Amino acid sequence: MSDLDQLYKETILAHNRNPHNYGKPEAWTHHAEGVNAMCGDLVQIYLSIEADRLKSVHYAGESCAISMASASMMTELSEGLSVSEWRLRFEQFKQLMNINNHDCTYEELGQANTLVTVKKFPSRIKSATLCWYAVDAAIRGLPTATTE
Amino acid sequence: MSDLDQLYKETILAHNRNPHNYGKPEAWTHHAEGVNAMCGDLVQIYLSIEADRLKSVHYAGESCAISMASASMMTELSEGLSVSEWRLRFEQFKQLMNINNHDCTYEELGQANTLVTVKKFPSRIKSATLCWYAVDAAIRGLPTATTE
Amino acid sequence: MLEEQFPGLRTKVHGKPLVYLDNAATAQRPQVVLDAINDYYQNHNANIHRGVHSLSESATELYEQARVSMAQLINAPSEKDLIFVRGCTEGVNLVAQTFVRERVKAGDEILISHLEHHSNIVPWQILCEQTGAVLKVIPMNQEGELVLDDLDQLINNKTCFMSVVHVSNSLGTINPIKELVKAAHDKGVPVLVDGAQAAPHIKVDVQDLNCDFYTVSGHKMYGPTGSGVLYGKTEHLAAMPPYHGGGEMISKVTFDSTTYNAVPAKFEAGTPNIAGGIGLGAAAEFLLSIGLDRIAARDQHLKAYTEAALNQVAGLRIIGNAAKKSPVFSFVIDGIHAHDIGTIIDHHGVAIRTGHHCTMPIFQYFNLAGTCRASLSFYNTEQDVDVLIESLNKAIAMFA
Amino acid sequence: MLEEQFPGLRTKVHGKPLVYLDNAATAQRPQVVLDAINDYYQNHNANIHRGVHSLSESATELYEQARVSMAQLINAPSEKDLIFVRGCTEGVNLVAQTFVRERVKAGDEILISHLEHHSNIVPWQILCEQTGAVLKVIPMNQEGELVLDDLDQLINNKTCFMSVVHVSNSLGTINPIKELVKAAHDKGVPVLVDGAQAAPHIKVDVQDLNCDFYTVSGHKMYGPTGSGVLYGKTEHLAAMPPYHGGGEMISKVTFDSTTYNAVPAKFEAGTPNIAGGIGLGAAAEFLLSIGLDRIAARDQHLKAYTEAALNQVAGLRIIGNAAKKSPVFSFVIDGIHAHDIGTIIDHHGVAIRTGHHCTMPIFQYFNLAGTCRASLSFYNTEQDVDVLIESLNKAIAMFA
Ligand SMILES: Cc1ncc(COP(=O)(O)O)c(C=O)c1O
Ligand SMILES: Cc1ncc(COP(=O)(O)O)c(C=O)c1O
């Protein structure tokens, strides 16, 4: 498979076509916006946190396929986690996307591990991590996250 | 003679050693300062104008040999001229120093014609013309002249 | 062949020959520009305006000759009306912080247009915050053209200054600058024109436009990065306060008081980008030698060819269809985000830009996060356009 | 041999081999710097921070790698504390118009020294005029050293900011920056250091100096013209208002409000001098590879040799005899104006600078209109000094 085909693997394209937990929910407790100024990715994150647990995680906005797929996968694997469990996943995802770590994957990240191929496209790493940073900002009560 | 020897001809060196009309006079009717910011030449011009005639022309200041010699020659040939006669000399001197005029000289400029060699050193032309611009400024009642 | 003079075009990208369609971001430079830079560093390497030694004299001559060439390119009445700047951004900021800041009062209006690049928006927002002035905007329509119907109200007795773009970097729209300047002048309002995208495409004549200021980025007109000029009318430049303080812009300094130098030195504090200025002069000479008429003709040919080709692509929509436009195409494709298109076609050697192109308000108007933008130069070929189309079709197939 | 790496040194002047002793005005550049510039234009020619395409990515990487190299050169805690500027002049003006302008009130004092270059005087005079602040000056003595006896009064509760030169371009004096910074900080006064002449000669360690800001000109440290950096402490840069408005320094723009980007982008509006920045990185790597210790040792050797040689010339007087100085010699010769000396020795291939070297107040102190200045680099040789001395003697003979 060419690098390009790896980047736009079927899993990713499928999530992009049918994103999970997409759309602004009726109610939420936490919200943040994620902006990737350079390429124009913009992600809205809506969380319902109850008793320190992420009851629901939704996202909206217009983004590239990598960003959409990553957000779709992220919301799936985040739902139901406690905030501290989620933070651990975030750290693992950052490691997964760290250009200096070669091909490490984490069982807990499930399908999101397929995003490891993004590392071959350094300018796209921010597309994959944006939604995670936005959830982190929402949990902290910050209005926006950038991927800087 | 090398270009350099032509620039620092005996006439010029002599004027530099024994400048005529050098020093601040007791009295004057017009004064202006000439500044050549780049090289630090600074010339003070003192005129006594009576009935539209340059009765006396003095200069002071610290300048390079070209500037000193040019001022020394200029004061000599200016004294006694009417303002309009002086302006004519000024025009001639500007022509003499004009890099596009090849080797033209003007009888009326006398010894100052020796300064024609300065044209081979474009960065020094301003040294030669500074005192003339300062006299022009003094006549016009301006406090300073630059060679721009 | 003109394109052979551009060494940057011979690059390979992912093993494919580069198809460079990101000229509105920055152009490639012809060999003559690189030669001018190298010649300065190798044979005339000295500071300028400062030394009596020969090296410094010849460096100064080269630098000042570049000013003359740039004056000729934009038909300025004198090269002394040109200030060397880093680029358009510095040009706009300079005018905002000197000429305009001095004359603006709280409640005054600064008029820009909806087509502006951030560099002709943010400096005015900063100035408004500093002074209490108010930013006003000439609206645009669905074609990406300015709507001048209410110009008479927009330019009113509160209007202090107008700053407008000559050619839009996002949509290619060529604005009717002469008309805008006339309308502003009728009410006594001075005008700055952002010529970043005009200089590489159009014969710019600042005297004919009669604008008060005009600014140009060197790197977009085939010159070096970090170079550019700001043209200003003589009387404005003479009356304006200085911008940066430093060497060269003074004629006398004491701790008590300082006398400023004559224009343009007054605005050129410190050691400038000497190599950049000299290279810019070479770029101006290069453009003059080709002739802006020939470039404009080539532009129109490439524009027609590209427009027709893009319109053949399924699901592709061109944003911006001004009657007068330069060969710049913003477009979106159904179901594929611009960023993905950019990545995919880059793998086929095609360099375009994706995103908001530093003109977020334009895309807020169109309710888009961004577009793909293919911006062409005279050195681009029909074959370049064919490769673009092929690669777009591959992206579409991938997402189908 | 190091000097062989500098193509500019192979120039002939009036048929004579160039003896370049005007390094304090601008340095020659090593081939590696020219190669870095050409490599960018030939193989990575694109705008930075803006495109998804590969060319733009590799250009961005080169540019950001240069920031890392510069951070290493001056031992900044992070490359994000470095803002690319045109040179020291822009660095000083930027700090004056953002950090200081925001905090200064009428009656406050700005403290500089008598040894400053115009670029560290005039920006403060302009700021004083804008705000009603007052300029104060640390005095100097006959040796050209700062007199610190009254520092305790000079830094008082009105003092808002201090800006001092690290190494004097006219006299070579190396100032006790660490001590000055400590004295200022003891009274809560932030400090900017003008490092234009320090970077090419001295191991600069901004963390050890503990200064708040430090600025460097690329062209004086063997880098390209139009390049340089301003270092600032993280917390200052984060809190400061932006400087230029434009592209890249924003994260979101609407006509109603604009959000600024993170540091350093916040201060880097518009397309920067990309080739210049990349070349500057190469210059930093070059200096690091030689080692500043070796350069300092070479400096001291050349300084001793030159000083002894100049002292043999009849009627020559060196101005500035600081205990700690870099190899810069200002001098006058009885009965010959500096300008004449400059012209004459240029005919023997020797390039020095004459005049006030953009430090008029220093020469007002010495009651001189100007001096000759020979400023040496590590690539100069004893033979260069011998040619200087010979040519000076010829000038003296001519005027005898
Ligand atoms: C001590 C000092 N400070 C500041 C400057 C100004 O640097 P630039 O002209 O590169 O802006 C110079 C250069 O002449 C200098 O020598
Ligand atoms: C229309 C327009 N104006 C201004 C600018 C800013 O120019 P620079 O980045 O060279 O300062 C650009 C470049 O992106 C532009 O396209």
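In the text below, chain A, chain B and the rest are named by the order of the sequence lines, each starting its count at 1. What you see is a predicted model, and the numbers here were worked out from it, not measured in a lab.
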request  = Quick one: pull up CG in B/Leu7 and CG in D/Asp340 and give me the separation to the nearest 0.5 Å.
outcome  = 7.5 Å
message = Please identify, among B/Met68, B/Arg124, B/Glu62, the residue contributing the most non-hydrogen atom pairs under 4.5 Å to chain D.
response = B/Arg124
key: Part of B/Leu42 within contact of chain D (heavy atom distance under 4.5 Å)   = neither
query = Between B/Asp5 and D/Met398, is any pair of side-chain heavy atoms under 4.5 Å apart?
reply = yes
task = Using a cut-off of 6.0 Å, state whether more than 12 heavy atoms not belonging to B/Glu107 lie near its atom CD.
result = no
key: Neighbour count >12 (heavy atoms, 6.0 Å) for atom CZ, B/Arg17   = yes
inquiry  = With a strict 4.5 Å heavy-atom criterion, list every residue of residues 6-17 of chain D that contacts chain B, or say none.
reply    = none
ask   = At their closest point, which heavy atom of D/His347 faces which heavy atom of B/Phe121, and how far apart are they?
value = NE2-CE2, 3.0 Å
Atom CD of D/Glu129 with >12 non-hydrogen neighbours under 6.0 angstrom = no
query = Between D/Ala400 and chain B, which part of the residue has a heavy atom less than 4.5 Å away: side chain, backbone, both or neither?
reply = backbone
ask   = Does atom NZ of B/Lys119 have more than 12 heavy-atom neighbours, drawn from other residues, nucleotides or ligands, at distances under 6.0 Å?
value = yes
inquiry  = Can you confirm whether B/Ile66 sits close enough to D/His339 that some side-chain heavy atom of one is under 4.5 Å from a side-chain heavy atom of the other?
reply    = no
key: Neighbour count >12 (heavy atoms, 6.0 Å) for atom NZ, B/Lys24   = no
